[in-house]
Asker: 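Before I ask anything, let me first share the structure, which is written out below as C-alpha cells.
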Amino acid sequence: VQLIMSDPAILGLGYLDIKRASRRLGHASLFLENPAESVFYVVELQLGATDDRHVIRLVERWAAERKRHAKRRCFALLIAERIEPRYRNILRTISKAIPLLVMNMQEVDGGLRSTPLGLR
C-alpha cells in the first residue's frame with residue numbers, strides 16, 4: 001500500500017495524481033487522476049484475499065464518483081494479493097456493466113509485481 005501511495009505510476013497506468021486516500025486495517029481506498037487523459041480511477045487495495053465487502057465497496061464508490069464526474073472517464077480498479085476463483089466469475093460479470101480493472105499485486109524484493117487479470 002505504501003509503495004503505491006508513494007508512486008502510483010507503479011500500477012502501469014501512466015502518471016497518476018492521488019486526489020484522495022484513506023487507509024483502514026487491511027485495505028486502502030484511493031481516488032487517482034490521470035490529468036493528461038482526464039481519466040479517474042477509483043481504487044480499492046486489499047491485503048490478502050479479496051472478499052464480498054471489498055467488491056461491493058469498489059462498485060459503490062465507482063458509482064458515486066462516476067456521477068460526480070459525469071463528463072470524464074472513470075474506472076474501477078480492484079487490487080488484491082489474491083483474487084479467489086469464486087470472485088473472478090463475479091468480477092467478470094460486473095466488468096460487462098462497468099469499466100473494471102483487476103490486478104493481483106505482490107511485494108517482491110522491495111518492489112511490486114502486478115498481474116492484470118483478464119476478465120473478458
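Fair warning: this is a prediction, and the values are worked out from it, not measured in the lab.
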Asker: If you round to the nearest 0.5 Å, how far is OG1 of T50 from CD of E84?
Answerer: 9.0 Å

Asker: For the atom pair CZ (R23) and CE (M5), what is the distance rounded to the nearest 0.5 Å?
Answerer: 6.0 Å

Asker: Can you give me the closest heavy-atom contact between P8 and S6, atom names plus distance?
Answerer: CD-C, 4.0 Å

Asker: Between atom NE2 of H54 and atom CD1 of I83, what is the distance when rounded to the nearest 0.5 Å?
Answerer: 7.5 Å

Asker: According to salt bridge (Lys or Arg N to Asp or Glu O under 4.0 Å), does anything in residues 35-44 pair up with another residue at least two apart or in another chain? List the pairs.
Answerer: E37-R73, E44-R57, E44-R61

Asker: Between atom CD1 of I98 and atom CG of L58, what is the distance when rounded to the nearest 0.5 Å?
Answerer: 6.0 Å

Asker: Looking at every heavy atom in both P99 and W62, which two are closest together, and how far apart are they?
Answerer: CD-CZ2, 3.5 Å

Asker: Hey, does H69 have a side-chain heavy atom less than 4.5 Å from the side chain of C74?
Answerer: no

Asker: Who passes ring pair (Phe, Tyr, Trp, His ring centres under 6.0 Å) against Y87, sequence neighbours left out?
Answerer: none

Asker: Between D17 (side chain) and K19 (backbone), is there a donor-acceptor pair under 3.5 Å?
Answerer: no

Asker: Return the CG to CG distance between N104 and L78, rounded to the nearest 0.5 Å.
Answerer: 9.0 Å

Asker: Apply side-chain contact (heavy atoms from CB on, under 4.5 Å) to the pair R86 and D52, showing each step before the final yes or no.
Answerer: CA-CA 10 Å; R86 170 181 181 219; D52 298 354; 3.8 Å; yes

Asker: Picking from L45, I79, L77, L11, what satisfies side-chain contact (heavy atoms from CB on, under 4.5 Å) with L30?
Answerer: L45

Asker: Measure the spacing between CG of L101 and CG of L91 and express it to the nearest 0.5 Å.
Answerer: 11.5 Å

Asker: Centre of F31's six-membered ring, under 6.0 Å away, within 45 degrees of the axis: is that where NZ or CZ of R20 sits?
Answerer: yes

Asker: Going by side-chain contact (heavy atoms from CB on, under 4.5 Å), name the residues that satisfy it together with A63, two or more places apart in sequence or in a different chain.
Answerer: none

Asker: Check for me, please, whether I18 and Y15 land in the same ILVMFWY cluster - side-chain distances under 4.5 Å, paths through other members count.
Answerer: no

Asker: Pick out which of V39, L32, L13 makes a side-chain contact (heavy atoms from CB on, under 4.5 Å) with F75.
Answerer: V39

